[in-house]
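A quick write-up on the structure given underneath.
Note that this is a predicted model, so its numbers are computed, not measured. A, B, ... follow the sequence lines: proteins, then strands. Residue 1 opens every chain. Just so you know, these numbers use all the heavy atoms, side chains as well, and skip hydrogens, waters and symmetry mates.
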Amino acid sequence: MATKNKEKETEKNQIKIKVVVSEEDFSVDSEYDFLSSKAPRTGAIVSFVGRVREFSEREDITGLHLEHYPGMTEASLNKIIELAHQRWDIQACSLHHRIGSLQVEDQIVYVGVSSAHRDEAFDACRFIMDYLKTEAPFWKKELTQDGDYWVDAREKDQQARARWQSSASDQS
Amino acid sequence: MIRVYFLAKIKDELNMDFYDLDVKLPCSVSDLRNSLLSKFKNAELFSKDYAICAVNHEISNSEKIVKESDEVAFFPPVTGG
């Protein structure tokens with residue numbers, strides 16, 4: 001039994017992680033290559049891309065400015081992936097979050113997760129996004145025709161994150 | 001004295017990236033918050049419900065003790081993703 005546990009631990013430690021915070025754009029194809037290469041035990045890859053919309057509370061958004069806290073942001077993202085890894089048997093994770101000036105239709109964030117089975121990949125991907133939105137130090141400023149406005153944190157993002165906390169006790 | 005960094009809306013409203021706050025160290029995050037409130041007279045910007053304090057990149061509660069070598073930042077609730 002002890003040997004089996006050890007094997008399980010070793011497998012779990014083999015997670016491949018890539019975290020990038022950058023003004024540069026990302027390529028979904030390249031991220032998929034990172035998750036799928038040399039991965040014969042991977043049976044599922046789930047990814048999420050967040051984009052700049054032309055509407056929010058306001059209808060006339062022309063772009064976004066994204067600020068972060070260098071050092072803390074990267075540490076926070078790695079911690080969120082580690083939390084997901086503790087919870088699900090995921091094999092690789094790539095997370096790319098852009099900063100600086102972005103225009104409508106630009107990509108903002110990529111989260112990709114691989115695992116042996118789809119449930120883990122779906123759940124871990126959503127968990128990482130829900131935690132990112134409430135924990136990782138990024139701030140959006142919306143640019144509109146009438147001026148620029150810092151976006152306020154939203155209650156529905158807190159509720160999305162709280163769902164994972166309440167379901168933790170359901171897991172054995 | 002400790003350098004306190006500001007981010008996002010707090011930085012914009014104060015029009016400064018950081019401020020060297022004249023406090024006796026060590027002190028608590030709560031003491032820092034009170035000093036910022038009395039310096040900038042902006043209760044909303046530095047209220048406990050709005051301004052989050054990070055000490056050495058860790059979100060910290062009011063009781064957290066801050067030392068001279070610590071990196072301290074105040075910022076609004078996060079809105080990335």
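A salt bridge does not link B:D12 to B:K9: none of the charged nitrogens lies less than 4.0 Å from a carboxylate oxygen. Ion pair A:D123/A:R87 not flagged as a salt bridge, since none of the NZ, NE, NH1 or NH2 atoms sits closer than 4.0 Å to an Asp/Glu carboxylate oxygen. Under 4.0 Å is where a charged nitrogen must lie from a carboxylate oxygen, and between A:E135 and A:K79 no such pair does.
Proximity to chain B (any heavy atom under 4.5 Å) is shown, for A:H65, by neither the backbone nor the side chain. There is no contact between A:A75 and chain B, counting heavy-atom distances below 4.5 Å. Interface residue B:A8: backbone and side-chain heavy atoms are both found under 4.5 Å from chain A. In this structure, chain B has a heavy atom under 4.5 Å from the side chain of A:W150, while its backbone stays farther away. Both the backbone and the side chain of B:I59 come within less than 4.5 Å of a heavy atom in chain A.
The structure places CG of B:N56 at 4.0 Å from CG of B:D70, a figure rounded to the nearest 0.5 Å. The structure places CD of A:E105 at 5.5 Å from CZ of A:R51, a figure rounded to the nearest 0.5 Å.
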